[in-house]
Amino acid sequence: MSDLLDELQWRGLVAQTTDEAALREALDGGPLTMYVGFDPTAPSLHFGNLVQLVVVRRMQRAGHHVICLVGGSTGLIGDPKPDSERVLRTKEQVADAVAAIRSQVEAFLDFDGDNPARMVNNLDWTEGISALDFLRDYGKYFRVNGMIKKDAVSARLNSDAGISYTEFSYQILQGLDYLHLFRELGCTLQTGAVDQWGNILAGVDLIRQTEGEHVHVLTTPLLTDSTGRKYGKSEGNAIWLDPAMTSPYAFYQYFLNVEDAEVVKLLKVFTDLGADQVADLEKQVREEPFRRAAQRTLAEQVTTLVHGPEATRAVQDASAALFGKGDVTVLDERTLADATAELPGGEVAVGVTITDALVASGVADSRNAARRLIAEGGVSLNNVKVGDPEAVLVEEDFLHGRVAIVKRGRKHLVAVRRSA
RNA sequence: GCCAGGUUGCCCGAGCGGCCAAUGGGAACGGACUGUAAAUCCGUCGCGAAAGCUUCCAAGGUUCGAAUCCUUGACCUGGCACCA
């Protein structure tokens, strides 16, 4: 158990802690109770949340008691963003998101056995607090002087956008959670992304002031790529954990395309590979980058973690079939069906032009855009470059009479199905 | 409530009543480039094959002509007032 913090540090999962020595001692001293919170700002968790899940997963395996908090109340308020005020979400939206997130988290932790994780919703203990009690029991411990120093808040105070009282109060609301979990469940450690540092400390301070106890915080770094941008976006869309929002295929491809400079870091964070294995893959990246061994391992393991081994196999087979040999016309019907099942696409009848097919399948936004793409040499049909925008899709273009594989650029595949 | 300023394409942001489908930057997309990534260079980036059409918060108006002027409304920001 004593190695846990070392392990987390080696994996690059520790950005900041309160009193590291005290935390180490606490972790060594036997199972402690910790919590991590997720705000229901979307109907699914995303890539960024995965880091948190990986951390608590390790915590639980190390024997600690894990509480997952879903922010049914904080989600109604909204954590201040540095640039602009959030639009309030309806209670229904938040409730739906809470339910969705709850079921996603359950896949990562063990809720049975002799050290079951626990799931809580902060709405349960916040809902009943009256405005007066809120101000008297908690507001009194929060100094505005300190509150306005928090990064997001001060950024907003200095911006044209300003900040509403609602969002300003967020940190109190979140601080209250830690206090509640400390009192009721003996929770003495909170983990979260480093951008939550300020909010988390609000809880630590509150506990110190009301209970006179020192509790711990461990934050994880924000994962950024080599240009300093946050990870988890693809084509401007977030990478979601919900397979209905980001298909396992897209999910797998995302990790397969991770840049060389970053892949080792991500391997440490998301896989269970040990130092030797990571070093080995690191060497392969250096010596034979084109093989993408590290990326393949990463993609396989993360996809398995999130979507399970079966889905992973399916997307791997699909990827191999579509990218591997080049000649897709020789694929047998079964493989073709599996390979294209995951792809986005559309339906098109025999006889329409390739231009129209591109629009119908969502490859291009307009016929003009489709023509441009073709003129730029960016479109291929069944792996053969398309030259004529007026070319018509014929019977034979639909492999096995069903589906044509359209590629935009080098790596964006779309399945154009033949309509009846 | 009063006063002032603002609202331009994915984002930021320029824009003289005609030469504005609208400068510039970023993002994105395609090619060079092979399933490396990154960088770089080139190209594209409202709809339309084109003629042309529909755009600059919304609705009216002035004008031969409006993103540019006027009116009203919506929303945003700031200041003042109210907060006995």
Side-chain angles (χ1 to χ4, degrees), chain A residues 81-88 155-165 167 223-238 249-267 281-300 315-328 339 342-344 352-356 358-359 361-381 383 385-392 405-414:
Chain A
K81 288 187 292 185
D83 49 344
S84 64
E85 186 84 9
R86 289 176 193 271
V87 177
L88 278 181
R156 288 277 292 282
L157 284 171
N158 291 325
S159 79
D160 290 342
I163 183 169
S164 67
Y165 189 72
E167 290 193 1
L223 294 179
T224 52
D225 63 19
S226 56
T227 60
R229 256 186 317 210
K230 262 204 227 184
Y231 260 112
K233 303 266 190 198
S234 167
E235 307 245 309
N237 299 314
Y249 175 80
F251 189 90
Y252 179 84
Q253 289 294 324
Y254 178 79
F255 288 99
L256 193 54
N257 283 318
V258 161
E259 51 192 291
D260 290 353
E262 301 296 313
V263 66
V264 169
K265 179 169 85 186
L266 297 180
L267 277 172
L281 286 169
E282 191 170 8
K283 186 170 154 224
Q284 292 190 48
V285 170
R286 203 167 46 241
E287 292 175 358
E288 322 179 279
F290 51 91
R291 289 197 187 280
R292 309 185 71 58
Q295 280 89 340
R296 275 175 214 283
T297 306
L298 175 70
E300 176 180 304
V315 298
Q316 279 178 315
D317 288 349
S319 301
L322 294 172
F323 283 108
K325 304 285 182 294
D327 188 3
V328 289
E342 285 278 356
L343 296 178
V352 308
T353 63
I354 182 72
T355 301
D356 287 322
L358 290 176
V359 175
S361 55
V363 174
D365 290 336
S366 68
R367 308 186 70 234
N368 260 350
R371 287 168 171 280
R372 256 182 252 124
L373 273 175
I374 294 168
E376 290 168 341
V379 174
S380 59
L381 173 64
N383 273 356
K385 199 157 264 194
V386 175
D388 178 11
E390 299 303 331
V392 162
I405 296 172
V406 171
K407 185 152 73 173
R408 188 200 76 205
R410 280 180 303 143
K411 55 174 67 156
H412 291 93
L413 288 160
V414 163

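Values below: every heavy atom of this structure, side chains too, minus hydrogens, waters and symmetry copies. Note on naming: letters A, B, ... go to the chains in the order of the sequence lines (proteins, then strands), and numbering restarts at 1 for each one. If you're wondering where the values come from, they're calculated on a predicted model, not measured in any experiment.
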Arg410(A): which residues meet the salt bridge (Lys or Arg N to Asp or Glu O under 4.0 Å) condition with it, sequence neighbours left out? none

Between rG65(B) and rG18(B), how far is it from one C1' atom to the other, in whole Å? 6 Å

Can you tell me, in whole Å, how much space there is between the P of rA66(B) and that of rA59(B)? 15 Å

Provide, to the nearest angstrom, the distance between the CG atom belonging to Leu413(A) and the P atom belonging to rG30(B). 12 Å

Checking base pairs now: Watson-Crick or wobble, both atom distances under 3.5 Å. What partners rU77(B)? rA4(B)

Should rU44(B) form a Watson-Crick or G-U wobble pair with both distances under 3.5 Å, which nucleotide is its partner? rA28(B)

Nearest heavy-atom neighbours spanning Arg367(A) and Thr355(A): O-CG2, 3.7 Å

Pairwise P distance, rG26(B) and rC19(B) [rounded to whole Å]: 27 Å

Gap between atoms NZ and C1', on Lys407(A) and rC33(B) respectively (whole Å): 12 Å

Report the distance from atom NE2 of His412(A) to atom P of rG31(B), rounded to the nearest whole Å. 10 Å

In short, Val414(A) meets Ser361(A) closest at the heavy-atom pair CG1-CB, 3.7 Å

Counting only Watson-Crick or G-U wobble pairs whose two distances fall under 3.5 Å, which nucleotide matches rC16(B)? none

Per Arg367(A) side chain, nearest of listed nucleotides rA49(B), rG30(B), rG31(B): rA49(B)

What's the closest nucleotide to the Leu373(A) side chain, out of rC47(B), rG35(B), rC29(B)? rC29(B)

For rA39(B), which nucleotide is its Watson-Crick or G-U wobble mate, given both distances must be under 3.5 Å? none

Tell me the partner of rU72(B), counting only Watson-Crick (N1-N3 plus N6-O4 or O6-N4) or G-U wobble (N1-O2 and O6-N3) with both under 3.5 Å; none if nothing fits. rA58(B)

Would you measure the distance from the P atom in rU54(B) across to the matching atom in rU8(B) and give it in whole Å? 23 Å

Residue Asn368(A), side-chain heavy atoms: nucleotide from rG30(B), rG35(B), rA49(B) that is nearest: rA49(B)

Output all residues satisfying salt bridge (Lys or Arg N to Asp or Glu O under 4.0 Å) with Glu282(A), sequence neighbours left out; order by chain, then residue number. none

In whole angstroms, the gap separating P of rG35(B) from CG of Asp260(A) amounts to 15 Å

Scan Gln253(A) against the nucleic acid and name what it touches under 4.0 Å (heavy atoms): base, sugar-phosphate only, or nothing. base

Can you tell me how far C1' in rA21(B) sits from the matching atom in rU68(B), rounded to whole Å? 15 Å

Applying side chain to side chain contact (heavy atoms under 4.5 Å, CB included), run through Arg291(A) and Gln284(A) and close with a yes or a no. CA-CA 8 Å; Arg291(A) 289 197 187 280; Gln284(A) 292 190 48; 5.5 Å; no

Send over the distance from Lys385(A) NZ to rA32(B) P, rounded to a whole Å. 5 Å

Between Lys385(A) and Val379(A), does a side chain to side chain contact (heavy atoms under 4.5 Å, CB included) hold up when you go through it step by step? CA-CA 6 Å; Lys385(A) 199 157 264 194; Val379(A) 174; over 6 Å; no

For rA67(B), the nucleotide meeting Watson-Crick or G-U wobble distances (both under 3.5 Å) is none

If I pick the P atom on rG13(B) and the same atom on rG25(B), what distance separates them, to the nearest angstrom? 16 Å

What pairs with Tyr249(A) under ring pair (Phe, Tyr, Trp, His ring centres under 6.0 Å), at least two apart in sequence or on another chain? none

By nearest atom, which of the nucleotides rG48(B), rG30(B), rC33(B) is closest to the Arg408(A) side chain? rG30(B)

Partners of Arg372(A) by salt bridge (Lys or Arg N to Asp or Glu O under 4.0 Å), sequence neighbours excluded? none

What integer distance in Å separates Glu390(A):CD from rA49(B):P? 8 Å

By side chain to side chain contact (heavy atoms under 4.5 Å, CB included) - contacts of Asp388(A) (at least two apart): Glu390(A), Ala391(A)

Can you check nucleotides 41-45 of chain B for protein contacts, nitrogen or oxygen pairs under 3.5 Å, and list what you find?
{"unit_1": "rG43(B)", "atom_1": "N2", "unit_2": "Glu376(A)", "atom_2": "OE2", "d": "3.4"}
{"unit_1": "rU44(B)", "atom_1": "O4'", "unit_2": "Glu376(A)", "atom_2": "OE2", "d": "3.4"}

Would you mind reading off the distance between Tyr254(A) atom OH and rG35(B) atom C1', rounded to a whole angstrom? 17 Å

What's the CD-C1' distance between Gln295(A) and rG35(B), to the nearest Å? 11 Å

Would you say a side-chain N or O of Ser366(A) is under 4.0 Å from OP1 or OP2 of rG48(B)? yes

Reading RNA chain B from 5' onward, which residue's closest nucleotide shows up sooner: Lys411(A) or Gly378(A)? Gly378(A)

Rounding to the closest angstrom, what is the interatomic distance between rG17(B) and rA81(B) at atom P? 38 Å

Sticking with atom C1', work out how far rG78(B) lies from rC11(B), rounded to a whole angstrom. 24 Å

Which residue lies toward the 5' end of RNA chain B, Gly409(A) or Arg296(A), if each is placed at its nearest nucleotide? Gly409(A)

